[in-house]
Amino acid sequence: MVDTLGVAVVGFGWMGRVHTQAYARVPHHYPRLAVRPELVVVAEDVPGRAEEAAAQFGFAAATRDWREVAADPRVKAVSITAPNFLHREIGVAMAEAGKHIWIEKPVGLSVADAQAVADAVAKAGVQSAVGFNYRNAPAVEAARELIASGEIGTVTHVRVRLFSDYAAHPDGALTWRYEKERGGSGVLGDLASHGADLARHLLGDIASLTADTAVFIPERARPTGATAGHTLATGGELGPVENEDYVNCLLRFASGARGVLEACRVSVGEQNNYGFEVHGTKGAVFWDFRRMNELGVSRGTTYQDQPVSTVHVGPGAGEFGAFQPGAANAMGYDDLKVIEAYRFLRSIAEATPHGATVQDAVHSAAVLEAMVRSAEGGAWVSVDTGA
């Protein structure tokens with residue numbers, strides 16, 4: 001028996017569309033899941049956008065006010081894909097209304113914001129999911145298992161990189177993403193939050209760090225109309241970019257391992273160059289998001305001149321088997337969000353967490369705040385998760 005679960009999406013930019021498409025695809029890839037999502041309502045304050053989304057994707061209703069979603073008894077679960085500054089208010093309100101929440105990172109502008117949502121989720125007894133999608137890649141899950149098994153020995157050091165050019169154009173519009181009041185941090189919340197989660201997911205808690213940040217494009221033109229994604233704007237009034245374009249960070253893990261995390265949103269020539277290299281006392285494992293279904297693996301007993309093999313992951317690695325029948329058949333970005341949607345819905349069906357939760361967002365936010373403190377003070381700082 002499959003139960004229908006009413007879902008809503010709050011915020012319908014690119015990520016709202018990705019969540020919606022993921023809900024629609026879940027029954028195709030996971031036909032035995034005990035719940036089936038039903039698109040009830042979409043909320044977006046840009047005039048006409050919610051109505052367009054409802055017509056295209058089949059939501060039963062559209063609204064410009066997310067509060068109507070919180071009050072709608074048909075809605076049992078909500079995707080929160082609105083701008084960062086709204087995450088805390090919407091997340092807390094939805095949890096208090098008894099809605100399960102799937103919320104995009106970084107879950108607000110601070111540790112306090114993320115913790116407030118986590119506290120509301122715990123108090124209400126609802127389930128949560130957070131958009132740390134890169135940990136859902138089957139190759140990343142295979143790497144995590146390989147590391148935990150000891151096949152590469154004791155981990156000594158890791159490098160995590162997240163380089164992108166989405167903000168590299170000097171005519172990129174000065175949207176909320178570049179304002180501290182509405183966007184909070186810059187590349188820290190956008191890309192480094194993924195890096196902090198990946199590092200912790202693979203190697204455990206980060207104990208301390210030292211970081212440096214920089215702004216490379218200090219001014220941008222204000223947009224003259226509604227924006228979505230990373231649009232260009234010319235001729236508008238120039239305003240200051242208030243948050244960082246770049247971060248470089250040295251990490252010390254609780255395990256004793258060392259690490260480097262580097263992220264940039266203005267890297268000309270880099271399109272989604274995300275990945276990691278984990279080195280151990282007996283081997284290493286390498287992953288590049290742009291070759292998402294491959295791992296570079298070095299293992300054995302030769303140490304010096306030990307070769308690296310390319311491993312194409314397949315069924316048996318994470319959720320790969322729900323999408324493709326054999327190794328080296330490609331998966332893509334949107335598939336990672338389908339996995340995320342599945343784990344969210346499974347958490348609801350089984351009343352137990354599967355995948356990243358808001359508590360993981362609290363840990364990531366604590367790392368980001370430590371980076372800010374370090375960059376301001378120029379020293380090593382401890383990572384305080386409040387645990």
Side-chain angles (χ1 to χ4, degrees), residues 105-107 111 114 130-150 152-164 185 187-213 244 246-265 272-281 283-289 292 295-297 318 336 355-375 380-387:
K105 54 82 205 167
V107 188
V111 173
V130 175
F132 291 129
N133 40 266
Y134 300 110
R135 64 154 64 188
N136 298 324
V140 172
E141 300 200 57
R144 187 171 187 250
E145 291 182 5
L146 186 149
I147 293 165
S149 73
I152 65 170
T154 301
V155 172
T156 54
H157 60 283
V158 59
R159 184 168 77 101
V160 181
R161 69 186 186 282
L162 298 108
F163 297 144
S164 185
S185 60
V187 76
L188 286 176
D190 193 24
L191 296 182
S193 60
H194 282 298
D197 181 69
L198 271 176
R200 177 172 170 265
H201 187 60
L202 293 169
L203 304 183
D205 287 342
I206 297 167
S208 61
L209 57 81
T210 183
D212 182 38
T213 62
E244 73 292 333
Y246 170 84
V247 62
N248 184 35
C249 186
L250 299 179
L251 309 171
R252 291 174 180 164
F253 291 84
S255 67
R258 299 298 196 261
V260 175
L261 191 161
E262 191 176 14
C264 185
R265 64 188 181 186
N272 297 334
N273 182 359
Y274 309 152
F276 56 74
E277 301 106 46
V278 180
H279 295 267
T281 54
V285 59
F286 311 90
W287 180 70
D288 186 330
F289 168 65
M292 193 176 81
L295 282 178
V297 180
L336 302 184
T357 69
V358 287
Q359 200 57 52
D360 293 302
V362 173
H363 281 275
S364 177
V367 173
L368 303 186
E369 287 203 357
M371 290 181 189
V372 172
R373 295 199 311 274
S374 176
W380 281 88
V381 300
S382 297
V383 176
D384 181 12
T385 62

Any side-chain to backbone donor/acceptor pair from Thr281 onto Thr154? Under 3.5 Å, distance only.
yes
Glu244/Arg265 under salt bridge (Lys or Arg N to Asp or Glu O under 4.0 Å): CA gap, chis, key distance, verdict
CA-CA 9 Å; Glu244 73 292 333; Arg265 64 188 181 186; 6.0 Å; no
Minimum heavy-atom distance Val247-Ala211, with the two atoms named:
CG2-CB, 4.4 Å
Any non-hydrogen side-chain atom of Val383 less than 4.5 Å from a side-chain atom of Ile206?
yes
Using a 4.5 Å cut-off on heavy atoms from C-beta on, say whether the side chain of Phe276 contacts that of Val140.
yes
With side chains defined as the heavy atoms from C-beta onward, is the minimum distance between Phe253 and Arg258 less than 4.5 Å?
no
Apply side-chain contact (heavy atoms from CB on, under 4.5 Å) to the pair Asn248 and Val260, showing each step before the final yes or no.
CA-CA 7 Å; Asn248 184 35; Val260 175; 3.9 Å; yes
Between Asp212 and Ala375, what is the shortest heavy-atom contact and its length?
CA-CB, 4.4 Å
Check the angle between the aromatic planes of Tyr274 and Phe289 and answer parallel, tilted or perpendicular using the 30° and 60° thresholds.
parallel
Check: Val155 and Ser255 side chains under 4.5 Å, non-hydrogen atoms
no
Leu146 CG to Ile152 CD1 distance, which is reported to the nearest 0.5 Å:
6.0 Å
Taking atom NE2 of His363 and atom NE2 of His201, what is their separation to the nearest 0.5 Å?
13.5 Å
Testing the basics here: between Gly355 and Asp360, what is the closest heavy-atom pair and its distance to 0.1 Å?
O-OD2, 4.2 Å
His279 meets the ring-ring contact (aromatic ring centres under 6.0 Å, His included) criterion, sequence neighbours left out, with His157, Phe286
Can you give me the closest heavy-atom contact between Val107 and Ala361, atom names plus distance?
CG2-CB, 3.5 Å
Taking atom CG of Leu251 and atom CG of Asp205, what is their separation to the nearest 0.5 Å?
12.0 Å
Heavy atoms only: give me the nearest Gly189-Leu368 pair and the separation to one decimal.
CA-CD1, 3.9 Å
Evaluate Asp197 against Lys105 for salt bridge (Lys or Arg N to Asp or Glu O under 4.0 Å), listing each step before the verdict.
CA-CA 10 Å; Asp197 181 69; Lys105 54 82 205 167; over 6 Å; no
I need the Leu209 CG to Met371 CE distance, nearest 0.5 Å.
6.0 Å
Do Leu336 and Met292 make a side-chain contact, defined as non-hydrogen atoms from C-beta onward lying under 4.5 Å apart?
yes
Just do the side-chain contact (heavy atoms from CB on, under 4.5 Å) check on His194 and Asn133 with the steps written out, would you?
CA-CA 8 Å; His194 282 298; Asn133 40 266; 3.7 Å; yes
Are Leu250 and Trp380 side-chain neighbours, meaning at least one heavy-atom pair lies under 4.5 Å?
yes
List the atom of Ala196, the atom of Ser364, and the distance in Å for their closest heavy-atom pair.
CB-OG, 4.0 Å
How long is the straight-line distance from CG of Leu188 back to OG1 of Thr213, given to the nearest 0.5 Å?
7.0 Å
Taken to the nearest 0.5 Å, the spacing of Ser208 OG from Asp384 CG works out to 12.5 Å
